[in-house]
2 protein chains.
Amino acid sequence: MSAKAVKTSNKTNKEQSDASDGPAPQHSVVIDLSAVIVTVESETPFVLVVERKDAKGGKKSYGLPFGPFDPDLHRTLEIGLRTWVEEQTYLHLGYVEQLYTFGDRGRSDIGASGDSRIISVGYLALTREAPELSAPDNVWHNWYRYFPWEDWRDHKPEILEERIEPTLGQWADEETDNVIKQQRWDRTRLCFGLDGMPWDEEKVLERYELLYEAGLVSEAQRDQGLPVDEERGLGQAMMSDQRRILATGMGRLRSKLKYRPVVFELMPPVFTLLNLQRTVEAISGVHLHKQNFRRLVEKGGLVEGTGKKTTQTAGRPAEEFRFRWEVMRERPAPGFRVRSSSRS
Amino acid sequence: MSAKAVKTSNKTNKEQSDASDGPAPQHSVVIDLSAVIVTVESETPFVLVVERKDAKGGKKSYGLPFGPFDPDLHRTLEIGLRTWVEEQTYLHLGYVEQLYTFGDRGRSDIGASGDSRIISVGYLALTREAPELSAPDNVWHNWYRYFPWEDWRDHKPEILEERIEPTLGQWADEETDNVIKQQRWDRTRLCFGLDGMPWDEEKVLERYELLYEAGLVSEAQRDQGLPVDEERGLGQAMMSDQRRILATGMGRLRSKLKYRPVVFELMPPVFTLLNLQRTVEAISGVHLHKQNFRRLVEKGGLVEGTGKKTTQTAGRPAEEFRFRWEVMRERPAPGFRVRSSSRS
DNA sequence: TCCTTTATACTCGTTTTGAGCATATATGGG
DNA sequence: CCCATATATGCTCAAAACGAGTATAAAGGA
């Protein structure tokens, strides 16, 4: 760290204690770039994870791919990310978007005891590549493996009524302070759509954070140094606070779907409207009304028919469509303002 | 930087060149936290800026307040930010939200020649404090001083037709590659609402980036090492790439307004509906239809009347309202889905 | 009193949305 | 060939939301 940089930073920090221009300040920071790389295949949203040997047992543990940011090599953070992802995963990334910068002490099991603080800049990336094409260490996982309560496509996931709702209720009730108790109930109701509140598929992160606070995901025990009971933790855990980054990515993608035509980054060049709908549903985790979806997509000018028909399907052949790139030049915020429907 | 952290980061980077566990890697990184601190007073959105002596001339130069993140002192980035802001500005921050992490080489005039790369994590913070209360170095500036083309409340800003539109058109036309020329025109039309495209008040960052690319803001000349003509640059410049951070903050706040009740962080405990509307208008920079705004706010359950009436105003006294906190517990995303109207 | 100013109630046509019905066209089994 | 089944696609219909007003109320000042 240069003296110049420290000095500059302290221009507005006259009272700050560490204004000494010593060459190596006691605190140091490492920047990691973490990637939520998503693809959709057979109506399933996949996220790329890397297997890592657990420090203690030989248990399999998974985490998001990440790599250090090297300021000497890369002009921007995004370039750094794209470079190492494409080098290591052999994937071509289409859409890339910065998610959030995470730097909580105590929510990381790597470097936690070292003298260096790790700051993770999370990125969301979309790719159309087939799951087979990736490098050996990499695995594609259905993202609902980490968030089983987020898939409402067929029905409300049983885990909610069987485990999440009762345990969260208990957690709220065991609080003695009535104000906090009320807040816990309110958050639970709002996040998980209790008492007639609607299920908001975008609140992936809020739900995960609530479960973390209530100690229902095993990262919570791990971060407190408590013994981890694999069976009790909801969903599969990830190393460090990477499940939080994944939750952020899922929520962001679900939200972005509605006002930007990002789904097409996940679609083949030609597709049927049902293909498209299934992809949107896979990501958003809710079921959509077919006819209204079609109306939205066609009236919004997002696609154009190719004139050709599919043959493979069981029923009447569907027309094949392609994305209308021109829509990006015509409308300010084209997307699917999807709202989940009861049943078809 | 510890060897351990480097090693951990390289688990997924076997091919990476700097896998040596040397104690001090050649590249180092400093994290700065920059704050876009906003308040609204007399129908004007103010942002807190700090005066800094320019390196060359004695010219006054302004930038956002920022300070280093000290990983030893603070558990999270947000805590770090809140701490130094409250220490140095004597302001109480209400709402705080992370914006984006900026780390482009060459868009910073500080530390650019040093051997340390500065990564800025931008934050948006809202406060209700009166502009007078801040510390000596700090100044509140109308944010439209930096973005004069963003204030459409009274009329379309003249700067658009007089300078921005013609110069952007020229910039697009002087491109010889027809594909790129088309893209430049498309972006211009979309960002600035040409040819009947609507003005989207949320695209603050996109517009700034376009002006930067076209060389119409003086940061663009500065970053290329060209002489800076104060008169030609649009809006007032800021040091480093802080006007970009401000643009991000403005856009984010304008967008957030629509689905979260954040305006109330900027309002006194009791206010009239016109007060509220003027505050929303000040931020979003567009004029709203009074009766429809009222309908939205009241039907949405965002406020409740106190029964008392104002006296100060010219015309008929207005009822005073307060924010209904309960709405946060009732609805998933309460806010103002405002759409600008022609004229009242 | 009348004029100006702001507040507030109400209307009205249009668009958007949610939900469903009806019909068309394929497949595979008898 | 006819039928059950599956998917595709066209169309309706009522409710809600939206955009743009008009009309009336209640204050102060000339």
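Chain letters run A, B, ... following the sequence lines, proteins first and then strands; every chain starts at 1. All of these numbers come straight from a predicted model, not from anything done at the bench.
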Checklist entry - Given atom CG of A/Leu276 and atom P of D/dT7, what is their separation to the nearest angstrom? => result 17 Å
Checklist entry - Among A/Lys203, A/Arg145, A/Arg254, A/Lys156, which one satisfies salt bridge (Lys or Arg N to Asp or Glu O under 4.0 Å) with A/Glu150? => result A/Arg254
Item to check | Whole-Å distance separating the NE2 atom of A/His289 from the P atom of D/dT9 | outcome: 15 Å
Checklist entry - Taking the side chain from A/Arg189 and the backbone from B/Arg329, do they hold a donor-acceptor pair closer than 3.5 Å? => result yes
Item to check | Carboxylate-amine/guanidinium contact B/Arg187 B/Glu209, below 4.0 Å | outcome: no
Next on the checklist: Let me check the geometry of the helix from C/dT1-D/dA30 to C/dG30-D/dC1. What is the bend angle between the axes at its two ends, five pairs each, to 10°?
Outcome noted: 20°
Next on the checklist: How many whole angstroms separate atom CG of A/Leu288 from atom C1' of C/dG18?
Outcome noted: 12 Å
Item to check | Nearest-nucleotide 5' precedence on DNA chain D, B/Gly315 against A/Thr272 | outcome: A/Thr272
Checklist entry - In whole Å, what is the span from the CZ atom of A/Phe293 to the C1' atom of C/dT17? => result 16 Å
Checklist entry - In Å and rounded to the nearest 0.5 Å, what is the CG to CD distance from A/Asn275 to A/Glu43? => result 8.5 Å
Item to check | Parallel, tilted or perpendicular: rings of A/Phe192 and A/Trp199 (30°, 60°) | outcome: tilted
Next on the checklist: Tell me whether the rings of A/Tyr208 and A/Phe147 are parallel (<30°), tilted (30 to 60°) or perpendicular (>60°).
Outcome noted: perpendicular
Checklist outcome for this item: Whether each nucleotide of nucleotides 8-13 of chain C has a protein heavy atom under 4.0 Å at its base (B), only at its sugar-phosphate (S) or at neither (-) is summarised, 5' to 3', as BB----
Item to check | A/Lys299 NZ to D/dC11 C1', straight-line distance once rounded to whole Å | outcome: 14 Å
Checklist entry - Backbone N or O of B/Thr44 within a donor-acceptor pair of the B/Ser42 side chain at under 3.5 Å? => result no
Next on the checklist: Under a 4.0 Å threshold between the charged nitrogen and the carboxylate oxygen, would A/Glu265 count as salt-bridged to A/Arg260?
Outcome noted: no
